[in-house]
Amino acid sequence: MREIREALIDAHRAVGKTNPVAPSITNFVTVEFVANAQLAIGGSAAMVYLPDEGEAMCRLAKSIYINVGTLIPSHKETVPRTVKCARENAAYVLDPVAAGMGDLRTELLQYMKAYPPRIIRGNASEILTVAKLWGLIDGTSGKVRGVDATESVETARAAAEHLAAYIGGAVAVSGKEDLVTDGKRTVVSKGGSAYFTRITGSGCSLGGVAAVYLAVADPFVAALAATNAYNVAGKRAEAQARGTASFQVEFLDALSNLTAEDIAACEMEEV
Ligand SMILES: Nc1ncnc2c1ncn2[C@@H]1O[C@H](COP(=O)(O)OP(=O)(O)O)[C@@H](O)[C@H]1O
Ligand SMILES: Cc1ncsc1CCOP(=O)(O)O
Ligand SMILES: [Mg+2]
């Protein structure tokens, strides 16, 4: 655990020094929150939707973020072209929002099996659904209700470990306590706030922040740094908040004031 904490410190300091851009193809509901969270942590944001711009971003940035929350017809071309280009030029983080809902979402997520991300970040239901879709687990879990989880984080542990091994990267499963794994090491990160479940975009923006860290760190460290940042900043924000709106503001403040040591000191255990 000491080595992991040191790597987290290095990752956060590297973001502070290099201000890495992590461009996004992300949903229309939470796009501003994603950009603000990326800026608050010390990164830079650039949102694109067109196929040629997705490819251009892969050539320009070390990591990009793909979130399938709100699909429109152009995504049918943008997402495959971008993930194919990312395979050769950049690493990408996937948030498989509402996996299992609709034909295009299923088709795009299926396509990504051949051009896998380095980090998959989702709630338990989304992780279970992608693992099933890719044929990595059996079973009937991974029920879709929309964008929110219907399963517990622990239920998704095996799915997350299989997915991480398959992609040769890391999987972060969010919930009351978060699980981050690279298929060999699995860590539970604690903290956060129940307010996160009552604002939109906490999960989406966590994926965007993971993409910022992925520009400077390996997938496991990047996923854990983002997860810890949310757990520490979320806990601090809750102590100041008067409701959901002020929680969101306090959270961005807390995120922007985090130190490398804060992220490393987050309550975690290897499981
Ligand atoms: N009950 C909870 N208590 C504390 N933190 C939570 C809780 N539920 C979710 N979070 C935090 O909210 C963030 C987003 O996770 P989650 O709500 O699971 O994602 P999504 O919005 O994609 O479903 C994560 O940082 C997670 O740790
Ligand atoms: C509400 C909603 N609908 C489509 S995408 C989206 C945002 C989901 O954000 P998060 O998963 O971070 O809560
Ligand atoms: Mg989500």
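Order of appearance sets the numbers: ligands from 1, and atoms from 1 within every ligand. Note that the coordinates shown come from a computational prediction; the quantities given were computed from them, not determined experimentally.
Regarding atom 13 (O) of ligand 2, its nearest protein heavy-atom neighbour is Gly201 N, 3.4 Å. Counting only heavy atoms of the protein, atom 21 (O) of ligand 1 lies nearest to Gly203 N, 3.5 Å. Nearest protein heavy-atom contact of atom 18 (O) of ligand 1 is Ser174 OG, 2.7 Å. Here the heavy atom of the protein found nearest to atom 11 (C) of ligand 1 is Phe196 CD1, 3.4 Å. The protein non-hydrogen atom at the shortest distance from atom 17 (O) of ligand 1 is Ser202 OG, 4.2 Å. With hydrogens left out, the protein atom closest to atom 4 (C) of ligand 1 is Ser193 N, 3.1 Å, a heavy atom. Among all protein heavy atoms, the one lying closest to atom 25 (O) of ligand 1 is Tyr230 CB, 3.5 Å. Here the heavy atom of the protein found nearest to atom 2 (C) of ligand 1 is Lys176 CA, 3.5 Å. Scanning the protein heavy atoms around atom 3 (N) of ligand 2, the nearest turns out to be Val147 CG1, 3.7 Å.
Salt bridge status for Glu161 with Lys184: absent, with no side-chain N to carboxylate O gap under 4.0 Å. With respect to the salt-bridge test (charged N to carboxylate O, under 4.0 angstrom), the residues Glu55 and Lys84 do not qualify. Using a 4.0 Å cut-off between charged nitrogen and carboxylate oxygen, Asp10 and Arg13 do not count as a salt-bridge pair. Between Arg81 and Glu53, none of the side-chain N atoms (NZ, or NE/NH1/NH2) sits under 4.0 Å from a carboxylate O, so this pair counts as no salt bridge.
Using a 3.5 Å distance cut-off with no hydrogens or angles, the side chains of Asn231 and Ser189 do pair a donor with an acceptor. If you check the side chains of Asn67 and Tyr65, you find a donor sitting under 3.5 Å from an acceptor.
Heavy-atom contacts of Gly69 reach the following atoms of ligand 2: 4 (C), 5 (S) (cutoff under 4.0 Å). Close approach to Asn27 involves these atoms of ligand 2, each under 4.0 Å from a residue heavy atom: 5 (S). Listed by number with element, the atoms of ligand 1 under 4.0 Å from a non-hydrogen atom of Asn231 are 27 (O). Listed by atom number, the atoms of ligand 2 under 4.0 Å from Ser202 heavy atoms are 12 (O). Applying the 4.0 Å criterion to heavy atoms of Thr200 picks out, from ligand 2, the atoms 1 (C), 7 (C), 8 (C), 9 (O). Taking a cut-off of under 4.0 Å to the non-hydrogen atoms of Gly191, the atoms of ligand 1 that pass are 4 (C), 5 (N).
Considering backbone and side-chain atoms alike, Gly203 places an N or O below 3.5 Å from some N or O of ligand 2. Here's the thing with Cys204: one of its N/O atoms is less than 3.5 angstrom from an N/O atom of ligand 2. Considering backbone and side-chain N/O atoms, Gly175 comes within less than 3.5 Å of an N/O atom of ligand 1. Ligand 1 has no nitrogen or oxygen under 3.5 angstrom from a nitrogen or oxygen of Glu126.
Residue contacts with ligand 1, taken as heavy atom pairs separated by less than 4.0 Å, do not involve Asp95 at all. The residue Ala98 has no part lying near ligand 2, judged by heavy-atom distances below 4.0 Å. Contact annotation for Cys204 and ligand 1: no heavy atom of the residue comes within less than 4.0 Å of the ligand. At a heavy-atom cutoff of 4.0 Å, ligand 1 is contacted by the side chain of Arg121 but not by its backbone.
Within the 3.5 Å criterion, the main-chain N or O of Gly43 finds a donor-acceptor partner in the side chain of Asn19.
Put simply, the side chain of Leu163 reaches to within 4.5 Å of the side chain of Val130, judged on heavy atoms. For the pair Tyr92/Met112, a side-chain contact is recorded, criterion being any heavy-atom separation below 4.5 Å from C-beta on.
Across all their heavy atoms, Pro23 and Ala61 have their closest contact at CD-CB, 3.4 Å. Here the closest non-hydrogen pair linking Tyr166 and Leu136 is CB-CD1, 3.9 Å.
In this structure, Phe220 has its ring center at least 6.0 angstrom away from the ring center of Tyr213.
Under the side-chain hydrogen bond (donor to acceptor under 3.5 Å, both in side chains) test applied with Arg236, the options Asn257, Asp262, Asp253 reduce to a single match, Asp262.
Between atom 8 (N) of ligand 1 and the options Val97, Leu179, Thr197, Asn123, the minimum heavy-atom separation is to Thr197.
Hydrophobic cluster membership differs between Leu179 and Tyr230, with clusters built from Ile, Leu, Val, Met, Phe, Trp and Tyr side chains linked at under 4.5 angstrom.
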